[in-house]
Amino acid sequence: MKYYSTRDKNNIVSSKEAIIKGISEEGGLFVPESFPSFPSIEELINCNYKELAYKVLSLYLTDYTEEELLSAVDGAYDEKFRSENIVEIKSTENAHFLELFHGPTLAFKDMALTILPYLLKAAIKDKNIDKEIVILTATSGDTGKAALEGFKDVEGINVIVFYPHGGVSHIQRLQMVTQRGSNTFVSAIRGNFDDAQSGVKEIFADEDFNELLEKQGYILSSANSINIGRLIPQIIYYVYGYIELLRKQAISKGEKINIVVPTGNFGNILAAYYAKRMGLPVNRLICASNNNKVLSDFFNTGIYNKERDLLLTSSPSMDILVSSNLERFLYHLSDDENLIREKMTDLKEKGKYHWDSFREDIYANYTNEEETAYWIKEVYERENYIIDPHTAVAYGVYMKYLEAEKDSSKTLIASTASPFKFHKKVLTSIGQTPTKDDFIDLKKISRLSNEGLPKQLGELETLPELHKTVCGKDEMRNIILRFLKVNKDD
């Protein structure tokens with residue numbers, strides 16, 4: 001399996017090279033040359049999560065040895081997950097919630113960012129790279145902590161995370177600024193997530209800056225879903241969800257399901273699209289947006305327009321106006337690198353672009369803040385089940401889909417974060433009054449949900465804040481050089 005850039009089909013690399021690079025030199029994203037087919041359901045039906053992970057990864061990462069992949073899977077999906085099954089499904093009257101938040105940082109990003117360090121280390125070793133890797137990441141809340149946790153104290157790899165100042169939840173911020181590990185560095189950036197993400201992309205494309213780092217013994221790579229090594233492991237849990245519904249006898253063999261994904265950067269729903277292209281029986285993909293409805297507007301009008309105010313919501317991981325992975329999706333629809341370059345140039349220079357038609361039938365809608373609160377309350381009262389705001393956004397869009405389409409297909413909703421991480425919105429939504437003490441509130445969520453308070457959150461009460469830097473977008477390069485102890489005059 002080879003990979004090439006969405007903006008230059010002649011830029012062909014192996015999966016190991018794509019994972020090391022993260023992003024292509026001209027700014028494009030690496031995509032697989034084709035979509036492999038799944039083995040038969042009979043071959044998958046008795047697989048646990050690790051076995052399924054190996055089967056999916058081996059279809060895409062063909063230059064990895066069996067030993068490298070098995071070692072990565074074993075190292076990633078172990079006791080660091082609170083659930084022995086890694087992923088759980090909570091079935092309710094209207095839908096099946098695919099719980100992706102049982103990992104070390106309580107968000108779906110753990111599903112890929114626990115395995116990426118192993119894939120990256122194996123690639124570095126195989127390519128005889130004698131330089132240190134610098135993982136450079138922008139985060140809207142969850143990717144940053146998952147990257148920091150996944151790569152902390154990994155020899156030969158440094159992790160630098162930028163997050164929007166005031167644009168993540170209090171718990172998300174605490175998770176990052178208390179991060180231990182001598183190879184980790186966190187900085188807030190004055191601006192929003194799109195400022196952080198565009199800043200990171202510009203640094204990757206800055207030839208002079210990359211040359212300076214390389215002379216000093218460093219190579220940049222990414223842990224965002226722009227890295228194909230982040231995207232491919234996310235396919236696994238949609239396949240696992242389907243297999244688990246079969247095992248529960250909630251669906252019959254070959255029965256098509258809907259998949260609902262709350263998404264801002266389009267990576268998580270893109271993984272579901274990859275699963276569908278590989279043969280997973282999927283009826284409709286349902287794209288759920290919050291008040292920053294740039295994606296739902298795009299699918300409903302054909303116009304992608306980032307020229308709007310970014311609204312800060314209770315689902316901050318979706319507070320995004322430039323959805324990077326949409327580029328991959330549009331490339332797969334068009335197979336036209338020139339068209340992709342044209343549209344991405346329009347987005348950068350004009351702030352918008354127009355797309356003529358969609359061959360993939362995606363339903364897209366959004367859930368506003370008031371509706372998000374309503375659905376958290378409704379699911380809690382009807383099902384005695386507490387969902388976080390991102391999952392509530394997905395559920396709200398699914399309810400609109402049911403009303404519009406009258407579709408009786410069984411439905412899997414990606415539940416992307418633990419309600420503990422967004423306790424204030426959850427408590428106010430279900431009629432409780434939050435206190436000024438986050439940790440009292442966390443214990444209240446624990447009692448209401450009959451779930452033990454995750455140790456990772458409980459310890460935040462006493463951990464010191466180690467990362468206090470705040471910078472502007474124009475200071476990001478200097479921040480990186482300072483952490484790496486690189487003198488730009490050398």
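Quick note: residue numbers are just sequence positions, from 1.
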Could you go through the side-chain hydrogen bond (donor to acceptor under 3.5 Å, both in side chains) check for Asn227 and Arg230 one step at a time? CA-CA 5 Å; Asn227 192 316; Arg230 257 285 307 279; over 6 Å; no
Who pairs with Ser140 by side chain to side chain donor-acceptor pair (under 3.5 Å), at least two apart in sequence or on another chain? none
With side-chain contact (heavy atoms from CB on, under 4.5 Å) as the test, pick out the partner of Lys421 among Gln172, Lys145, His390. Gln172
Answer with yes or no whether the side chains of Asn291 and Asn368 bring together a donor and an acceptor at under 3.5 Å. no
Mark yes when over 12 heavy atoms from residues, nucleotides or ligands other than Glu459 sit less than 6.0 Å from its CD; otherwise mark no. yes
Lys443: what forms a side chain to side chain donor-acceptor pair (under 3.5 Å) with it, not counting sequence neighbours? none
Residue set satisfying ring-ring contact (aromatic ring centres under 6.0 Å, His included) with Tyr401, at least two apart, ordered chain then number -> Tyr363
Which residues pass the salt bridge (charged side-chain N to carboxylate O under 4.0 Å, His left out) test with Lys121, not counting sequence neighbours? none
Carboxylate-amine/guanidinium proximity below 4.0 Å for Asp78 and Lys50: no
Check ion pair Glu149-Lys80 (N to O, under 4.0 angstrom): no
Contacts of Thr313 that satisfy side chain to side chain donor-acceptor pair (under 3.5 Å) - sequence neighbours left out: Asn290, Ser315, Asp319
Salt bridge (charged side-chain N to carboxylate O under 4.0 Å, His left out) partners for Glu43, two or more places apart: Lys55
What's the spacing between Ile236 CD1 and Cys47 SG if we round to 0.5 Å? 11.5 Å
Measuring from Ile440:CD1 to His423:NE2, what's the distance to the nearest 0.5 Å? 10.5 Å
Can you sort out the partners of His332 under ring-ring contact (aromatic ring centres under 6.0 Å, His included), two or more places apart, ordered by chain and number? Phe35, Tyr274
Under a 4.0 Å N-O cut-off, is there an ion pair linking Arg82 with Glu99? no
What's the separation between atom OG in Ser222 and atom CD1 in Ile19, rounded to the nearest 0.5 Å? 12.0 Å
Do Glu360 and Lys276 sit within salt-bridge range, that is, some charged N less than 4.0 Å from a carboxylate O? yes
Contacts of Asp297 meeting salt bridge (charged side-chain N to carboxylate O under 4.0 Å, His left out) (sequence neighbours excluded), chain-then-number -> Lys293, Arg308
Looking at residues at least two apart in the chain, or sitting in another chain, which of them share a ring-ring contact (aromatic ring centres under 6.0 Å, His included) with Tyr60? none
Who pairs with Glu461 by salt bridge (charged side-chain N to carboxylate O under 4.0 Å, His left out), at least two apart in sequence or on another chain? none
If the condition is ring-ring contact (aromatic ring centres under 6.0 Å, His included), which residues does Tyr395 pass it with, not counting sequence neighbours? Phe97, Trp375
Taken in chain and number order and not counting sequence neighbours, the residues that satisfy side chain to side chain contact (heavy atoms under 4.5 Å, CB included) with Thr301 are Ile303
Electrostatic pair Glu403-Lys400, nearest N-O below 4.0 angstrom: no
